[in-house]
Amino acid sequence: MDKFPVLLDGRMTGGELVLEPEGLYACFTVRCPLPDGLWCAWAVGEQGELRLGVLEPLGGQGTIRRRVSRRTAAPLGRIRQGEIRPLDAPPPEVWEPVPEPEQLFCSPGLRQRLKGLPGVLSRKTEDRRFVAIPYDRSRPFPLVPLFCFASLGKIGEKSYLLFCFDGEERPVFPN
């Protein structure tokens, strides 16, 4: 049995997430003080997140117990914490690792500049492709012609150069 803190907006709630292995399953239990409104519990790992469901209010505390297959829990990586988020919060951005980033595009120029870059992440929305390239001050800027379209951001604990492309592979400023 492992225990982890439960956070709300990056602050400790005084609650805990308990993870217990049960054969081929992983059982998550969250208990924490519950603000007004409807709240969802999340298990947050080093590599992903899993929505556990809506907390049930019981005597000023919220609680949920969720049993999932270990295969469902495996993409999270090592668990770091639990979180509670408002039920109507937008879904988290899900970034996928891209082993061959040149395959993301048809444009020869983009393919050439992305070829062999390690640690690239990507996510796609209905009409945009987002690309995150690990940022290292000591290394050359990877997409010099697109410098003005880059923004510096964090995904997890790591710094990335973030780019946004439209459906025709043109760089755009994200909305």
Quick check for you: to the nearest 0.5 Å, what is the distance between Leu19 atom CG and Lys3 atom NZ? 12.5 Å
Can Tyr135 be reached from Phe163 by stepping across I, L, V, M, F, W or Y side chains whose heavy atoms are under 4.5 Å apart? yes
Using a 3.5 Å distance criterion without hydrogens, assess whether the side chain of Glu169 forms a donor-acceptor pair with backbone atoms of Cys106. yes
On a heavy-atom basis, the closest approach of Lys115 and Glu102 is CA-OE1, 3.4 Å
Spell out, as yes or no, whether a donor-acceptor pair under 3.5 Å connects the side chain of Arg66 to the backbone of Arg51. yes
Are the side chains of Met12 and Leu7 in touch, meaning some heavy atoms are under 4.5 Å apart? yes
Assess whether side chain to side chain contact (heavy atoms under 4.5 Å, CB included) is satisfied between Leu146 and Leu110, documenting all intermediate values. CA-CA 10 Å; Leu146 303 180; Leu110 285 171; 3.8 Å; yes
Please report the shortest heavy-atom distance between Ile155 and Ala132, naming the atom on each side. CD1-CB, 3.6 Å
Heavy-atom closest contact (Ala26 atom, Arg70 atom, distance): N-CG, 4.2 Å
Does Val144 share a hydrophobic cluster with Ile133, counting links as ILVMFWY side-chain heavy atoms below 4.5 Å and allowing steps through other members? yes
Ile84 and side chain to side chain contact (heavy atoms under 4.5 Å, CB included): which partner among Pro33, Cys40, Pro35? Pro35
Which heavy atom in Thr63 sits nearest to a heavy atom in Leu58, and how many Å separate them? CG2-CD1, 3.3 Å
Step through it carefully: locate the ring centre of Phe173, locate the ring centre of Phe149, and say whether they are under 6.0 Å apart. yes
For the residue pair Leu17 and Leu52, establish whether any side-chain heavy-atom pair is separated by less than 4.5 Å. yes
Main chain of Lys154, side chain of Ser159: is a donor-acceptor contact present, judged purely on distance under 3.5 Å? no
If I compare all heavy atoms of Ser122 with all of Val98, which pair ends up nearest, and what's the gap? CB-CG2, 3.5 Å
Using every non-hydrogen atom in the two residues, find where Phe141 and Ala150 come nearest and quote the distance to one decimal. CZ-CB, 3.7 Å
CZ/Arg65 to CZ/Arg31 distance, rounded to the nearest 0.5 angstrom? 8.0 Å
Listed partners of Thr72 passing side chain to side chain donor-acceptor pair (under 3.5 Å), at least two apart: Ser69
Is any side-chain heavy atom of Leu162 closer than 4.5 Å to one of Phe130? no
Arg123 (side chain) donor-acceptor with Glu96 (main chain) under 3.5 angstrom: no
Give the cluster check for Phe28 versus Leu55: same hydrophobic cluster or not, with ILVMFWY residues linked at side-chain heavy-atom distances below 4.5 Å. yes
Within-4.5 Å side-chain heavy-atom neighbours: Pro97 and Gln47: no
When clusters are formed by joining ILVMFWY residues with side-chain heavy atoms under 4.5 Å apart, either directly or through shared neighbours, do Val18 and Ile79 land in the same one? no
Chi angles and distances behind the side chain to side chain contact (heavy atoms under 4.5 Å, CB included) call for Val6, Gln81: CA-CA 6 Å; Val6 174; Gln81 65 203 34; over 6 Å; no
If you round to the nearest 0.5 Å, how far is CZ of Arg80 from CD of Glu157? 5.5 Å
Membership question, hydrophobic clusters at under 4.5 Å side-chain separation (ILVMFWY): are Leu50 and Ile64 in the same one? yes
Nearest-0.5 Å distance that lies between atom OH in Tyr25 and atom CZ in Arg71: 11.0 Å
Tell me whether the count of non-hydrogen atoms from other residues, nucleotides or ligands lying under 6.0 Å of CG in Leu152 goes above 12. yes
In the structure I gave you, are the side-chain heavy atoms of Pro142 and Arg113 within less than 4.5 Å of one another anywhere? no
With a 4.5 Å cut-off on side-chain heavy atoms, are Phe4 and Val44 touching? no
From CD (Gln61) to OG1 (Thr13), nearest 0.5 Å: 8.5 Å
Start with the C-alpha distance between Phe165 and Leu104, add both sets of side-chain angles, then the distance that settles side chain to side chain contact (heavy atoms under 4.5 Å, CB included), and finish with yes or no. CA-CA 11 Å; Phe165 298 88; Leu104 292 172; over 6 Å; no
Checking Asp166 against Arg128 for the side chain to side chain contact (heavy atoms under 4.5 Å, CB included) test, could you report, in this order, the C-alpha distance in whole Å, the side-chain angles of both residues, the deciding distance, and whether it holds? CA-CA 5 Å; Asp166 67 12; Arg128 299 279 192 254; 3.5 Å; yes
In the structure I gave you, are the side-chain heavy atoms of Val131 and Pro101 within less than 4.5 Å of one another anywhere? no
